[in-house]
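So the structure is just underneath, and the comments pick up after that.
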Amino acid sequence: MARRKKEGTNSQKPLADNVHIKGAGTIQDEIITDTLLENYMPYAMSVILSRAIPEIDGLKPSHRKLLYTMYNMGLLQGGTIKSANIVGRTMQLNPHGDAAIYETMVRLSRGNETLLYPYVESKGNFGKAYSKNMVYAASRYTEAKLAPICHELFDDIKYDTVDFVDNYDNSMKEPTLLPVTFPTVLCNVSKGIAVGMASNIASFNISEICDTTIALMKNPDHMISETLLAPDFVGGGFILYDKDELEKIYETGRGSVKVRARYTYDKKYNCIDITQIPPTTTSEDIIDKIIELVKSNKVKEINDVRDETDLSGLKITIDLKRGIDPDKFMTKLYKLTPLQDSFSCNFNILVHGNPKVLGVKSILLEWIDFRLECIRRRVVFNLDKKRKQLHLLKGLSKILLDIDKAIKIVRETESESEVVPNLMIGFGIDETQAEYVAEIKLRHLNREYILKRIKDIEQLENDIAELEGILSSKSKMKKIIVGELQNVAKKYDAGRKSEIIYDVDDEYVAEESVVADYPVTMFITEQGYAKKIKTANLRMSGEQKVKEGDRMLPEVECSNKDELLFFTNKNQVYKSKVDDFNDTKASVLGEYVPGKLDMEADEQVSYMAVTDDYSGYMIFVFENGKLAKVDMNAYQTKTNRKKLINAYSDKSPLAQAIYIKEDTELVLCSSSGRMLLVNTASILPKTTKNTQGVAAMKLKKTHKITSVHIYKEGEFEKAWRFRAKNLPAAGAVPSEADVAEQLSF
């Protein structure tokens, strides 16, 4: 596929006399796939490799650049400095704006409470990850330095353990990875959205991770779940243990972990204090959801909910009504609000520049290989250093044989450039050794100094032999890693923050709130306004208030515990409860049902049915003369579904819907003036809601059914005239006496 554009015209003027661009003034055909390859694919790869996905050291490039800058600033020791200073220096490595750098630092800080093991010690207001409203202060007000755990990130960097590359303007070097001494990639949460892929890594307890890594190095077939119990989040809460799901995460890197909020009950004030929440939500989202549930009458046990978070930490307080069981109520809230939520795992990391979704075991094995290479490079670095030192000391030992000769050679050499060659000839040493000897201060050219230095030769030879042994043995390198992991676990483990709950019965049966049982009368208007008035108060009520142009339909006496079915002009039915409507009085308009039940645009209520046990039948009479009889229990659902589609047939417009408890006689009225008495017992009921029904009244093409009502005894002078032996029937035209009888009713 190609995009084609018109050629430019000769009337176009050049930008300048000295500007000559090949092809200027014309637009040529361009292949879309080529454009994608040349422009979009490099962008996508840049986001994946250099922005959103963490690497085996657990850091994204923005994190690594910031931490390395702070390390170079000497912030691993000493006090804190202004965050603005750190941000400015970091721009030498990360030129993407101070706001992005500062936000990165905020999320790495202890004060923000995003990370289980934060890398930045903070001073000042760094906001809170669990609150959208608690925003961090500007960088000019806050201070920061590296946390002690950063020793495990940087202590090995001076031993050539990782590669360095030029920064964006080639003015300085930066590390491609940090030589972390423990699997940081699994100890802190990391979330990133790239192009076409994403990453969401859960955090685990540092001691459990270290123990699991050690066990894997000793036995590659180690069962991960034996030492790694479950994720551990900085916000605490309860982990609902699901062995199968955790095994899936450990094996594939995908799955979800259910996290539940922690709460305490204050009996004195009859309130619940929520102090820990899942990492996927915020206190504002929880409070907003609870308020929404209260307004929709789905939760009626609450008097008040408020945020009491202060310097001591998170606290959401819920005041309960009297007689409410707090544990049962919280079980209900867990299912209806984000107080229980799932952390979706997607362990996507970069390994050797390639994004891979790996399970916990695979990630740890990759980290072990990475750390083994760091150890190898550290040993090689130290080995080269000691070999050079030994080489120099061996040259110094030869001078010990005749110090006077060395002094004489230096003194009698006329040219400075000849000193080193003459020492090489005089003592049989190489140039490096001769340079070292030539640089010795005059005060050190004594036997005592040289003997002290030569004593180090034996120790160096032993050290070199030991390092060579480590370099040639993978098991010895693994022992070094094991020792480092044990040291890390001992220094930084502060216990689990997220408690694990085993054998959780996660099945939830929605408990019906206690609904008061008292007689009420339901009113509804043609335009869909409904109101509920206590029957006891109805006698004292005045005229029912309605909007101009609206009129009241027949009221229904029922109980406050009954259920409501609102059939609409879109062939749908919406279910509600009488108790969902507030008690009111005749002087108000009532509640607008389409808005209350979230109906579709232009959807209006056609009929309201009230039932307590879903017995009886729904009768649908259509304008084409057909009548459908549907079992009421066809609208009963086991779940709390509020909307049912295909509630009745859409083959013909609905003339009237009527709910009957038992079979009765109906009066069908047509536009021709004829009326027909139909006994519903003669119609077989259907369980299919949208049945078209059976033909009941014969109609001419220009006529239709206009209204339907339940027959009342004595309504017609001669009722037999309107009854038919067989359906469909045409009915009869009422006489003057019949009309008079109807008017009296």
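The basis for the numbers below is simple: all heavy atoms, side chains too, and nothing from hydrogens, waters or symmetry mates.
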Residues, nucleotides or ligands: over 12 heavy atoms within 6.0 Å of [X] [atom1]:
{"X": "Glu418", "atom1": "CD", "result": "yes"}
{"X": "Lys191", "atom1": "NZ", "result": "no"}
{"X": "Phe164", "atom1": "CZ", "result": "yes"}
{"X": "Met41", "atom1": "CE", "result": "no"}
{"X": "Ile193", "atom1": "CD1", "result": "no"}
{"X": "Tyr168", "atom1": "OH", "result": "yes"}
{"X": "Lys388", "atom1": "NZ", "result": "no"}

SB check [X] [Y] (cutoff 4.0 Å):
{"X": "Glu174", "Y": "Arg64", "result": "no"}
{"X": "Asp463", "Y": "Lys385", "result": "no"}
{"X": "Lys248", "Y": "Glu251", "result": "no"}
{"X": "Arg110", "Y": "Glu121", "result": "yes"}

Say whether, by atom type as modelled, one donor and one acceptor occur between the side chain of [X] and the main chain of [Y] under 3.5 angstrom.
{"X": "Ser46", "Y": "Pro42", "value": "no"}
{"X": "Asn348", "Y": "Asn200", "value": "no"}
{"X": "Asp57", "Y": "Leu178", "value": "yes"}
{"X": "Lys361", "Y": "Pro220", "value": "yes"}
{"X": "Glu208", "Y": "Leu229", "value": "yes"}
{"X": "Tyr250", "Y": "Leu228", "value": "yes"}
{"X": "Lys82", "Y": "Arg140", "value": "yes"}

Pairing donors with acceptors under 3.5 angstrom, does anything connect the side chains of [X] and [Y]?
{"X": "Thr227", "Y": "Thr212", "answer": "yes"}
{"X": "Thr413", "Y": "Asn422", "answer": "yes"}
{"X": "Asn112", "Y": "Arg107", "answer": "no"}
{"X": "Ser131", "Y": "Thr282", "answer": "no"}
{"X": "Asn167", "Y": "Ser171", "answer": "yes"}

Would you call [X] and [Y] a side-chain contact if the rule is heavy atoms closer than 4.5 Å?
{"X": "Leu392", "Y": "Leu396", "answer": "no"}
{"X": "Lys145", "Y": "Val120", "answer": "no"}
{"X": "Arg254", "Y": "Ile249", "answer": "no"}
{"X": "Val257", "Y": "Ile239", "answer": "yes"}
{"X": "Val180", "Y": "Glu152", "answer": "no"}
{"X": "Leu177", "Y": "Glu55", "answer": "yes"}
{"X": "Leu350", "Y": "Ile56", "answer": "no"}

Give the minimum heavy-atom separation between [X] and [Y], together with the two atoms involved.
{"X": "Asn346", "Y": "Ala198", "answer": "ND2-O, 2.8 Å"}
{"X": "Val379", "Y": "Leu467", "answer": "CG1-O, 3.5 Å"}
{"X": "Pro54", "Y": "Ser199", "answer": "CD-OG, 3.7 Å"}
{"X": "Ser190", "Y": "Lys60", "answer": "OG-CE, 3.8 Å"}
{"X": "Ala194", "Y": "Ile48", "answer": "CB-CG1, 3.7 Å"}
{"X": "Arg387", "Y": "Glu468", "answer": "NH2-OE2, 2.6 Å"}

Worksheet item: How far apart are the C-alpha atoms of Arg377 and Asp163, what are their side-chain angles, what is the distance that settles it, and do they pass the salt bridge (Lys or Arg N to Asp or Glu O under 4.0 Å) test?
Response: CA-CA 10 Å; Arg377 292 179 62 160; Asp163 294 329; 2.8 Å; yes
Measuring from [X]:[atom1] to [Y]:[atom2], what's the distance to the nearest 0.5 Å?
{"X": "Ile86", "Y": "Leu66", "atom1": "CD1", "atom2": "CG", "answer": "7.5 Å"}
{"X": "Tyr68", "Y": "Leu146", "atom1": "OH", "atom2": "CG", "answer": "12.5 Å"}
{"X": "Ser397", "Y": "Gln433", "atom1": "OG", "atom2": "CD", "answer": "8.0 Å"}
{"X": "Ile201", "Y": "Asn188", "atom1": "CD1", "atom2": "CG", "answer": "10.5 Å"}
{"X": "Leu76", "Y": "Met70", "atom1": "CG", "atom2": "CE", "answer": "9.5 Å"}
{"X": "Met172", "Y": "Asp166", "atom1": "CE", "atom2": "CG", "answer": "10.5 Å"}

Worksheet entry | Residues Phe154, Tyr71; criterion ring pair (Phe, Tyr, Trp, His ring centres under 6.0 Å); working and verdict | CA-CA 8 Å; Phe154 291 108; Tyr71 171 73; 4.5 Å; yes
Discussion item. Quick check on side-chain contact (heavy atoms from CB on, under 4.5 Å): which of Leu383, Asp384, Asn382 does Val380 satisfy it with?
Written reply: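 Single side-chain contact (heavy atoms from CB on, under 4.5 Å) partner of Val380 among Leu383, Asp384, Asn382: Asp384.
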Discussion item. Applying the side-chain contact (heavy atoms from CB on, under 4.5 Å) criterion to Val185, which one of Leu358, Leu364, Ile349 satisfies it?
Written reply: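 Running side-chain contact (heavy atoms from CB on, under 4.5 Å) over Leu358, Leu364, Ile349 with Val185 returns exactly one hit, Ile349.
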Worksheet entry | Lys/Arg cation over aromatic Phe427: Lys405, 6.0 Å, 45° cone |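 Checked: cation-pi criterion met.
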Worksheet item: Taking it one step at a time, do Tyr102 and Thr142 satisfy side chain to side chain donor-acceptor pair (under 3.5 Å)?
Response: CA-CA 10 Å; Tyr102 185 49; Thr142 61; 2.8 Å; yes
Practice prompt. For residues Phe182 and Tyr492, establish whether the separation of their ring centroids is below 6.0 Å.
Written response: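 Between Phe182 and Tyr492, the centre distance exceeds or equals 6.0 Å.
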Worksheet entry | Sole residue of Lys490, Lys491, Arg378 in salt bridge (Lys or Arg N to Asp or Glu O under 4.0 Å) with Glu484 |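 Exactly one pass, corresponding to Arg378.
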Practice prompt. Go through the steps for Glu247 and Ser225 under the test side chain to side chain donor-acceptor pair (under 3.5 Å), then give the verdict.
Written response: CA-CA 7 Å; Glu247 291 288 355; Ser225 57; 2.8 Å; yes
Worksheet item: Can you name the side-chain hydrogen bond (donor to acceptor under 3.5 Å, both in side chains) partners of His63, sequence neighbours left out?
Response: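 In terms of side-chain hydrogen bond (donor to acceptor under 3.5 Å, both in side chains), with neighbours along the sequence ignored, His63 is linked to no residue.
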Discussion item. One pair to check against side-chain contact (heavy atoms from CB on, under 4.5 Å): Thr213 and Arg371. What are the steps and the verdict?
Written reply: CA-CA 11 Å; Thr213 309; Arg371 188 58 190 164; over 6 Å; no
Worksheet item: Taking the six-membered ring for Trp, are Phe204 and Phe347 parallel (under 30°), tilted (30 to 60°) or perpendicular (over 60°)?
Response: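 Rings of Phe204 and Phe347: perpendicular, as their planes differ by over 60°.
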Item to complete: Check the pair Glu461 / Leu390 against side-chain contact (heavy atoms from CB on, under 4.5 Å), numbers first and verdict last.
Response: CA-CA 7 Å; Glu461 288 176 340; Leu390 178 62; 3.8 Å; yes
